[in-house]
2 protein chains.
Amino acid sequence: MSRTTNRKTQKTPHHHGDLYEALIDAGIEILQETGVAGLTLRGCAARAGVSHSAPAHHFEGMEGLLTAIAARGFRLFTETMIKERENSADKPRERLVAICHGYLQFSQQNGSLYNLMFSSERVNFSNANLTCASALAYQVLADGCAPFEHGSAGPAATEIMIWSLLHGYAGLSRKAQHTDQQHPMSNIRIDDILPHLELKARTTKRGSKSKQQ
Amino acid sequence: MSRTTNRKTQKTPHHHGDLYEALIDAGIEILQETGVAGLTLRGCAARAGVSHSAPAHHFEGMEGLLTAIAARGFRLFTETMIKERENSADKPRERLVAICHGYLQFSQQNGSLYNLMFSSERVNFSNANLTCASALAYQVLADGCAPFEHGSAGPAATEIMIWSLLHGYAGLSRKAQHTDQQHPMSNIRIDDILPHLELKARTTKRGSKSKQQ
DNA sequence: GCACTTAACTTGACAGCGTCAAGTTAAGCA
DNA sequence: TGCTTAACTTGACGCTGTCAAGTTAAGTGC
């Protein structure tokens, strides 16, 4: 039915047109509306207007769809962090704080999607599309950490410290929302914590990373 | 069948004896063996040797069982942290580090259970049994943080900083395990990160918390 | 313009899932 | 011994992911 209501009435390349992306769109919508519990292959197919078995031609089962949704999630995640970074002052610390705010903004506004991206056992983290999207997100944070002094363990220790702190804070504050009783989490902002991390901007060396933007 | 092989052959209070705990045992076993994807009400019932509908008399559906499993998980979690703490030297910093090691030891050895305890949307975080068990675990960490100086946001900021860092590190290192390619995470230990947190033991005041143990 | 190939999608079936209603068994008690 | 009630079983329901087979339509060679 109403298959003719495609964006291009002239030439629909196949039955649907772009079912792959449409199924991911549907999945993200359902994720936002009902959480991961309501996310089903059949539900995504129905929302995209195709039969319950159509997704099998584009994804390797449920795991494949979830992996593709997670990959899309990482791209949106990267966009959110970059957007916040570009609205900040061009100082190392303020840029990093802006990235952190973007990180938490995304995790709070897309809780179920964020959860799927990180903690689900139903996602194939070996998938190239996903690891690529995930690596791009990580790179934004790593770039934000680069201008600071690192300990003997090198820059990775700084990156993991920030990334862990944000990931943990995001997960805990999400859990605190779902709890009835008052949680100590509720009164603590990320800006109360970040100053207690040992982060000193390097002043000696120049030119290595400061070229970009 | 072999219902008579109970621990007390004398007086089995009812058909099974202690199905409530047996179902949680079964659930944790299945969780360790197959991950959360293989955890089903019917599977737990089968492992406990009862029919597929028996769990309904002890738990409010799947959510109830998962919530009870999570609560049990928090108690095991608390035990692990306390055990590590009591094997450490009686200095504030070493005690806190020991608690952190206990935290990560548990999360690494019980990945699926840990995941269920924190990030699942299928658990009822308003359940009194669960919030109680969860609060006891939090208290161990809060006690470990108490001897240190806190910023203007009070002790909660220190607690949330440590808790977030551990929770994030646990989740990311778990994710790194599931990824094929080399992850920057793999080379960084928690002991590379903890020294970069601003944590100064209070030396002036005495007697407030140092009484215990 | 027409047959051929192949990708995209549909239809129908299957077992396994959580949940519910109704029936059965056994424990505790008067 | 008979009654009440908690513990558990049986059977059914709709929903799920997945698979096999059939159908439709797009692309291609002639």
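Reminder, nothing fancy here: chain letters follow the sequence lines and each chain counts from 1.
- Following rounding to the nearest Å, A/Leu23 (CG) and C/dA8 (P) show an atom-to-atom distance of 13 Å.
- Every residue was checked against the side-chain hydrogen bond (donor to acceptor under 3.5 Å, both in side chains) condition with A/Thr40, not counting sequence neighbours, and none meets it.
- Applying the salt bridge (Lys or Arg N to Asp or Glu O under 4.0 Å) rule to B/Glu79 yields no partners; only residues at least two apart in sequence or on another chain are considered.
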For residues 41-60 of chain A, dump all side-chain donor-acceptor pairs below 3.5 Å to protein atoms at least two apart in sequence or in another chain.
unit_1  : atom_1 : unit_2  : atom_2 : d
A/Arg47 : NH1    : A/Glu29 : OE1    : 2.8
A/Arg47 : NH1    : A/Glu33 : OE2    : 3.1
A/Arg47 : NH2    : A/Glu33 : OE1    : 2.8

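- What separates NE2 of A/His57 from C1' of D/dA21 is a distance of 11 Å, to the nearest Å.
- Every residue two or more places apart in sequence or in another chain that forms a side-chain hydrogen bond (donor to acceptor under 3.5 Å, both in side chains) with A/His150 is listed here: A/Thr158.
- For the pair A/Phe59 CZ and C/dC9 P, the interatomic distance rounds to 11 Å; values are reported in whole Å.
- Rounded to whole Å, the distance from OH on A/Tyr20 to P on C/dA8 is 13 Å.
- Applying the 4.0 Å criterion to OP1 and OP2 of D/dC8, one finds that B/His58 has a side-chain N or O inside that range.
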(request) Classify every nucleotide of nucleotides 15-20 of chain D by which part a protein heavy atom approaches to under 4.0 Å, writing B for the base, S for the sugar-phosphate alone and - for neither, in 5'-to-3' order. (result) -BBBB-
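- Every side-chain hydrogen bond (donor to acceptor under 3.5 Å, both in side chains) that B/Gln32 has, sequence neighbours left out, goes to B/Asn110.
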(request) Go through the steps for A/Arg72 and A/Asn129 under the test side chain to side chain donor-acceptor pair (under 3.5 Å), then give the verdict. (result) CA-CA 9 Å; A/Arg72 171 82 74 80; A/Asn129 179 29; over 6 Å; no
